[in-house]
There are 2 protein chains.
Amino acid sequence: MNTMTETAALQAAAGNDTPAPTFRDELIASGLLIDTGENGLYGRSQVFEDVVDRLNVAITHLGSDQDPEVLRFPPAMRRTDFEDSEYLKNFPQLAGTIHSFCGNESGQMRLLRCLDDAMEKSDDDRDTAWMEQQKPTRVVLTPAACYPIYPVMARRGPLPANGRTIDVLSYCFRHEPSLDPARMQMFRQREYVRLGNPEQVMAFRQMWIDRGSLLVSLLALPVDVDLANDPFFGRGGKIVADSQRAQALKFELLIPVANPDSKTACLSFNYHMDHFGGIWKIECEDGSTAHTGCVGFGMERITLALFRHHGLDVNAWPDDVRALLWGDTQARIQRGLAETGV
Amino acid sequence: MNTMTETAALQAAAGNDTPAPTFRDELIASGLLIDTGENGLYGRSQVFEDVVDRLNVAITHLGSDQDPEVLRFPPAMRRTDFEDSEYLKNFPQLAGTIHSFCGNESGQMRLLRCLDDAMEKSDDDRDTAWMEQQKPTRVVLTPAACYPIYPVMARRGPLPANGRTIDVLSYCFRHEPSLDPARMQMFRQREYVRLGNPEQVMAFRQMWIDRGSLLVSLLALPVDVDLANDPFFGRGGKIVADSQRAQALKFELLIPVANPDSKTACLSFNYHMDHFGGIWKIECEDGSTAHTGCVGFGMERITLALFRHHGLDVNAWPDDVRALLWGDTQARIQRGLAETGV
């Protein structure tokens, strides 16, 4: 690893009084991320987006033999589907609901008077009295890319014998403002989702643990897959998290990104058992409740890991990584699949 | 025009009792759009997304000689920037604010009890009592793709002598649930945005009226550019709209899409005068307040117009349209620019 972070850390250790710039500082100074003034909300440069696009192409090749159905949803879903999903039992603090003004002209005049008062204060001190007239709409921000697909699949009737594999990508929202650039409030998840019987879903998950590890090793990033749990809310959440670990439902591929003392989950491999199948009454061909699982690629996190480990200048990235992303992507992915047999 | 809509209309006129399927019905039946159960919120098939992607490539070639800076923002922006933008003076009814639960465990228990009660009712009758604890966050859904860039440009200091041209694309939200598939609640806008002196911005807008018309004629769609106004809120909104028309600030390129009796704005060409420059104190090189303007491409609307006029099977589209999108896109765009001199 030869990045500006290390250089700056060495300078700081050598007695330079200026505090070492963080990885976030460097990303913003280089123009790869654009500061919006809100933690966890960034613009992206053309170079950053190009890496995301090329990673998406690589992921498509990595899954093309699975013949997935490609579906794309906007970053919001129907509120009643979101309510049905039980997300609020587990992560009420992360969800984002969408509210709109539905009042008349005198309501708007009140709104604007409140807003005028608020705007006399500095940005950070503004109150939100003008928002008291905002009413819930029928849509909610998508918390994870696969959420919109389950009700859609349920409406199609029983699964075919081979089940289904779906390819989704969307911006997702999580309300967790953070200075860690790898913990954004709005970020893209690419997912392959498997619906079928337990054996089909378990085989899918193991295959994707292997294929995700292959991709990350082809990107010359360190591979470290570990048992994991989701950030369940509250004290009771610990019991749910322990149960999730005991049943080995979630694995993550962890890579050091912004924080030198910890690793960031860049891919996750999830077995939902019959959670979504039961809620939306998705059936297998034999009438049993469908099981589901997914592999999620954190597009911004993998991109940030590449900049962290290979430097901020994509032209100086290792030849093999450049060739994988901007050269013979398909051939290199197929060779990797053939050589490892995953 | 030889589409299923016409065929169905003829069948209906011939005395068939089954009501003619609408264009929306056909889009959903063909799988191009995926019904989510919420009006104006759709999934997109791989074919639909491929058309959007290829249109984006064509738009890139159409603007490449302008050397725009490419920036991409997530579909939300900082709330204080949104407040500053004065959007709420004009379109309070369309905005979507994002709210989250910030309570403790007993608050969550209350939330879940309310949700359990609501879920005993049918989807359409559910109440939103569980949402009473949702608090405003510091982010708001992006109402138009260019909104996030103005505060970013202001922080860079005065514009260079040539001003700036920015290329943006993002999902946008407008709270206007509708059965018209061309009026989505979440949709993508691609924009070129010009910041500079009035002459630079006016020249940019005229160029894009011409280039937008060129693109649409290369797509074998009818070109009809007209003076327009935004849907300003309330009775007072009519005065603002009249003023916008009197000053010729907004033009739209209109194409018949879903509704046989009216046309849909698929591109818009906007001159903001010093509205955004004044709010964010964006200065030209000479210290004067920057003027701004933009051309907006409604990606879903142009895509829907193609399906409406050329049929639901992309393989049966006219050869020239197929060649433009999936063939020698760059060469055809450059030839069109050279031949028309726009």
Side-chain angles (χ1 to χ4, degrees), chain A residues 34 36-38 41-46 49 69-78 80-81 83-84 88-89 92-102 105 108 111-112 115 118-119 123 126 128 130-131 134 136-139 141 148 151-152 171 173 175 177 185-187 233-236, chain B residues 34 36-38 41-46 49 69-78 80-81 83-84 88-89 92-102 105 108 111-112 115 118-119 123 126 128 130-131 134 136-139 141 148 151-152 171 173 175 177 185-187 233-236:
Chain A
I34 292 101
T36 66
E38 172 62 15
L41 191 75
Y42 303 95
R44 284 91 164 136
S45 75
Q46 183 166 23
E49 288 295 290
E69 178 179 354
V70 178
L71 293 177
R72 295 290 179 261
F73 288 85
M77 61 185 290
R78 192 164 75 136
T80 51
D81 287 334
E83 291 167 352
D84 290 341
L88 290 161
K89 280 192 186 167
Q93 79 283 18
L94 297 179
T97 54
I98 302 175
H99 299 231
S100 283
F101 172 78
C102 303
E105 284 162 89
Q108 188 207 17
L111 183 162
L112 293 176
L115 186 56
M119 285 176 63
D123 280 8
R126 285 189 196 173
T128 55
W130 72 264
M131 299 177 81
Q134 297 293 102
T137 69
R138 295 162 57 94
V139 287
L141 288 172
V152 169
Y171 259 103
F173 176 81
H175 186 237
Q185 294 195 66
M186 298 214 81
F187 56 93
F233 181 75
R235 277 166 303 174
Chain B
I34 292 101
T36 66
E38 172 62 15
L41 192 74
Y42 303 94
R44 283 92 164 138
S45 75
Q46 184 166 22
E49 289 294 291
E69 178 179 353
V70 178
L71 293 177
R72 294 290 180 262
F73 288 84
M77 62 184 292
R78 192 164 76 137
T80 51
D81 287 334
E83 291 166 352
D84 290 341
L88 291 161
K89 280 191 186 169
Q93 79 283 19
L94 298 178
T97 53
I98 303 175
H99 299 230
S100 282
F101 171 78
C102 303
E105 284 162 89
Q108 188 206 16
L111 182 162
L112 294 176
L115 185 56
M119 286 175 62
D123 279 10
R126 284 189 197 175
T128 55
W130 72 264
M131 298 177 83
Q134 297 294 101
T137 68
R138 295 163 57 94
V139 286
L141 288 172
V152 169
Y171 259 104
F173 176 80
H175 186 237
Q185 294 195 64
M186 298 213 81
F187 56 93
F233 181 74
R235 277 167 302 176

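First the proteins, then the strands, lettered A, B, ... as listed; each starts at 1. Computed from a predicted model, the values in this text were never measured in an experiment. Below, all heavy atoms of this structure are taken into account, side chains as well, without hydrogens, waters or symmetry copies.
- Only the side chain of B:Leu41 comes within contact range of chain A, with at least one heavy atom under 4.5 Å from a heavy atom of that chain.
- Chosen from A:Gly43, A:Gly234, A:Pro74, the residue pairing most often with chain B at heavy-atom distances under 4.5 Å is A:Pro74.
- With a 6.0 Å radius and a threshold of 12 heavy atoms from other residues, nucleotides or ligands, B:Gln46 has its CD atom at or below the threshold.
- For the set B:Ser45, B:Pro177, B:Gly37, the count of heavy-atom pairs under 4.5 angstrom toward chain A peaks at B:Gly37.
- Interface residue A:Pro75: backbone and side-chain heavy atoms are both found under 4.5 Å from chain B.
- Your options are B:Glu49, B:Met77, B:Gln185, B:Arg44, and the one with the most heavy-atom pairs under 4.5 Å with chain A is B:Arg44.
- By number of non-hydrogen pairs under 4.5 angstrom with chain A, the leading residue of B:Thr137, B:Leu71, B:Asp123 is B:Asp123.
- Using a 4.5 Å heavy-atom threshold, the side chains of A:Asp81 and A:Pro148 count as separate.
- Of the atoms belonging to B:Leu111, it is side-chain heavy atoms, and not backbone ones, that fall under 4.5 Å from chain A.
- Comparing B:Gln134, B:Arg126, B:Met131 by heavy-atom pairs within less than 4.5 Å of chain A, the highest count is held by B:Arg126.
- The part of A:Ala95 that comes within reach of chain B is its backbone (N, CA, C, O), which places non-hydrogen atoms under 4.5 angstrom from that chain.
- Proximity of B:Lys89 to B:Phe233: side-chain heavy atoms (C-beta onward) are nowhere separated by under 4.5 Å.
- For the pair B:Gln108 (side chain) and A:Leu88 (backbone), a donor-acceptor distance under 3.5 Å is present.
- Nearest heavy-atom pair across A:Gly96 and B:Ser100 is CA-OG, 4.0 Å.
- Between chain A and the options B:His99, B:Met119, B:Arg72, B:Arg78, heavy-atom pairs under 4.5 Å are most frequent for B:His99.
- Interatomic distance, CE of A:Met186 versus CG of A:Leu141, reported as 5.0 Å (0.5 Å rounding).
- Looking at B:Phe187, there are no atoms closer than 4.5 Å to chain A (heavy atoms on both sides), in backbone or side chain.
- Among the candidates B:Thr36, B:Leu94, B:Thr97, B:Val70, the residue making the largest number of heavy-atom pairs closer than 4.5 Å to chain A is B:Thr97.
- For a residue to count as touching a neighbouring chain, one of its non-hydrogen atoms must lie under 4.5 Å from one of that chain's; by this rule B:Pro92 touches chain A with backbone and side chain alike.
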